[in-house]
Amino acid sequence: MLTLTENASTIVKTLTEQAPQDDAGLRISSSNPQNTAFAAAVTPEPEPADQVVESAGARLFLEPGAAVALDDKVLDAQVDEQGAVSFAIGALA
């Protein structure tokens, strides 16, 4: 299962707390058949087939293809000086 770093959990929580829905989460999806590119967007709830990952209060919704591709990965995140969020995916140690 995808794990989140402390930074990623904090940033995902911050992003989703701005949504009006209490159950909002960050949905990660992939339209690329090789699952090498992912999209992330705050959504009010998971799609029926999504895998839900919760970590330190952060909620992620993984589309089925993304869930398989990210199963043994770790998600990290950071915010740059302009306030832009970037995510990085790495292998579990």
Side-chain angles (χ1 to χ4, degrees):
M1 178 183 297
L2 177 69
T3 59
L4 283 75
T5 65
E6 186 177 332
N7 278 349
S9 293
T10 300
I11 290 170
V12 170
K13 275 194 320 189
T14 301
L15 291 171
T16 57
E17 285 173 351
Q18 298 172 22
Q21 300 84 4
D22 290 339
D23 294 332
L26 185 71
R27 185 167 194 266
I28 299 177
S29 60
S30 175
S31 59
N32 178 322
Q34 289 81 31
N35 293 316
T36 57
F38 299 94
V42 174
T43 59
E45 60 189 19
E47 295 290 323
D50 286 354
Q51 177 182 356
V52 177
V53 176
E54 295 193 35
S55 176
R59 296 188 70 201
L60 288 179
F61 309 143
L62 303 177
E63 151 306 296
V68 170
L70 299 174
D71 186 52
D72 61 346
K73 304 290 188 271
V74 61
L75 181 70
D76 193 15
Q78 55 188 354
V79 179
D80 69 16
E81 294 171 1
Q82 289 76 37
V85 175
S86 62
F87 291 98
I89 298 168
L92 283 173

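More than 12 heavy atoms of other residues, nucleotides or ligands lie within 6.0 Å of CD in E17, so this atom counts as buried by the packing criterion.
Rounded to the nearest 0.5 Å, atoms CD1 (I28) and CG (L75) are 5.5 Å apart. Once rounded to the nearest 0.5 Å, the distance linking CG of L15 with OG1 of T10 reads 11.0 Å.
Under the 3.5 Å distance criterion, the side-chain polar atoms of Q51 are left unmatched by any main-chain donor or acceptor of P64. Checking side-chain atoms of S30 against main-chain N and O of A37 turns up a donor-acceptor pair under 3.5 Å. Under a 3.5 Å cut-off, the side chain of E47 and the backbone N or O of A49 do not form any donor-acceptor pair. A donor-acceptor contact shorter than 3.5 Å is absent between the side chain of K13 and the backbone of A8. R27 contributes no side-chain N or O that, together with a main-chain N or O of L60, makes up a donor-acceptor pair within less than 3.5 Å. In this structure, the side chain of D71 engages the main chain of M1 through a donor-acceptor pair within 3.5 Å.
Within the 4.5 Å cutoff, the side chain of T16 has no heavy atoms near those of the R59 side chain. V12 has its side chain within reach of F87: a pair of non-hydrogen atoms, C-beta onward, lies under 4.5 Å apart. With contacts defined as side-chain heavy-atom distances shorter than 4.5 Å, the pair V79/I11 qualifies.
Scored by the side-chain contact (heavy atoms from CB on, under 4.5 Å) test, A19 finds Q21, A24, V42 as partners (sequence neighbours excluded). Partners of D80 under the side-chain contact (heavy atoms from CB on, under 4.5 Å) rule, at least two apart in sequence or in another chain, are Q82, A84. When the side-chain contact (heavy atoms from CB on, under 4.5 Å) test is applied to N7, the partners found at least two apart in sequence or on another chain are T5, D76.
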- Message: Please determine whether side chain to side chain contact (heavy atoms under 4.5 Å, CB included) holds for the pair V53 and L4, giving the CA-CA distance in whole Å, both sets of side-chain angles, and the decisive distance to 0.1 Å.
- Response: CA-CA 9 Å; V53 176; L4 283 75; 4.2 Å; yes
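Closest of all the heavy-atom pairs between I89 and L70 is CD1-CD2, 3.6 Å. In plain terms, the two heavy atoms of A66 and S29 that are nearest each other are CB-CA, 4.3 Å. Contact between D50 and F61 at its shortest, heavy atoms only, is OD2-CB, 3.6 Å.
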